[in-house]
Amino acid sequence: MKELVEVIARSLVDNPDEVVVTETEDEEQIVLNLTVAQDDMGKVIGKQGKIAKAIRTVVRAAGSKGNKKIMVDIQ
């Protein structure tokens with residue numbers, strides 16, 4: 001999942017070298033923290049959060065076979 005979020009985010013931003021994805025896992029869920037440059041934050045979130053919602057939807061669909069909930073946190 002980490003690689004999927006990285007690929008999607010790098011294709012959206014102007015500074016792909018500043019995209020960092022960290023993964024935290026516990027018993028119930030996996031949290032992916034996406035960090036981008038401050039100038040690229042709007043491109044990742046999108047108008048009214050539509051791009052962020054789409055990223056979360058794709059990641060949840062890709063990880064639906066697992067038993068854990070997958071969350072994407074954009075910072």
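Since the structure is predicted, the reported quantities are computational estimates derived from the model, not experimental observations.
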Participant: Find out if a path of hydrophobic residues (ILVMFWY) with successive side-chain heavy-atom gaps under 4.5 Å connects Met1 to Val31.
Facilitator: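 Met1 and Val31: separate clusters.
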
Participant: If you count the non-hydrogen atoms of other residues, nucleotides and ligands that lie under 6.0 Å from CE in Met41, is the total more than 12?
Facilitator: yes

Participant: Is it the case that the side chain of Asp40 and the backbone of Asn15 share a donor-acceptor pair, with hydrogens and angles ignored and the cut-off at 3.5 Å?
Facilitator: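 Present.
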
Participant: Would you check if Asp73 and Leu34 make a side-chain contact, meaning some heavy-atom pair closer than 4.5 Å?
Facilitator: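 When only atoms from C-beta onward are counted, Leu34 and Asp73 do not touch, as no gap falls below 4.5 Å.
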
Participant: Tell me whether Val44 is reachable from Val7 by hopping between hydrophobic residues (I, L, V, M, F, W, Y) whose side-chain heavy atoms are closer than 4.5 Å.
Facilitator: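 Shared cluster, no.
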
Participant: Which of these, Val20, Val21, Val19, sits in a side chain to side chain contact (heavy atoms under 4.5 Å, CB included) with Val36?
Facilitator: Val19

Participant: Would you check if Lys69 and Glu28 make a side-chain contact, meaning some heavy-atom pair closer than 4.5 Å?
Facilitator: no

Participant: Look up atom CZ in Arg10 and atom CD in Glu3, then write down how far apart they are to the nearest 0.5 Å.
Facilitator: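 These two atoms lie 11.0 Å from each other.
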
Participant: Between Arg56 and Val58, is there a side-chain heavy-atom distance shorter than 4.5 Å?
Facilitator: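 No. Closest side-chain heavy atoms not under 4.5 Å.
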
Participant: With heavy-atom distances below 4.5 Å as the criterion, would you say the side chains of Asn33 and Thr24 are in contact?
Facilitator: yes

Participant: Does the distance from a Lys or Arg side-chain N to an Asp or Glu carboxylate O, for Lys68 and Glu25, drop under 4.0 Å?
Facilitator: yes

Participant: Working to the nearest 0.5 angstrom, can you tell me the gap between Ile70 CD1 and Lys2 NZ?
Facilitator: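 The NZ atom of Lys2 is 14.0 Å from CD1 of Ile70, to the nearest 0.5 Å.
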
Participant: Could you tell me the separation between the CG atom of Leu32 and the CD1 atom of Ile74, rounded to the nearest 0.5 Å?
Facilitator: 11.0 Å

Participant: If you round to the nearest 0.5 Å, how far is CG of Asn67 from CD of Glu27?
Facilitator: 13.0 Å

Participant: With a cut-off of 6.0 Å (strictly less than), are more than 12 heavy atoms of other residues, nucleotides or ligands near CD of Gln75?
Facilitator: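 Check passes, neighbour count above 12.
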
Participant: Working to the nearest 0.5 angstrom, can you tell me the gap between Lys43 NZ and Ile51 CD1?
Facilitator: 10.5 Å

Participant: Please step through side-chain contact (heavy atoms from CB on, under 4.5 Å) for the pair Asp14 and Asp39, ending with a clear verdict.
Facilitator: CA-CA 8 Å; Asp14 289 333; Asp39 295 341; over 6 Å; no

Participant: For the CD atom of Glu23 and the CD1 atom of Ile30, what is their distance to the nearest 0.5 Å?
Facilitator: 5.5 Å

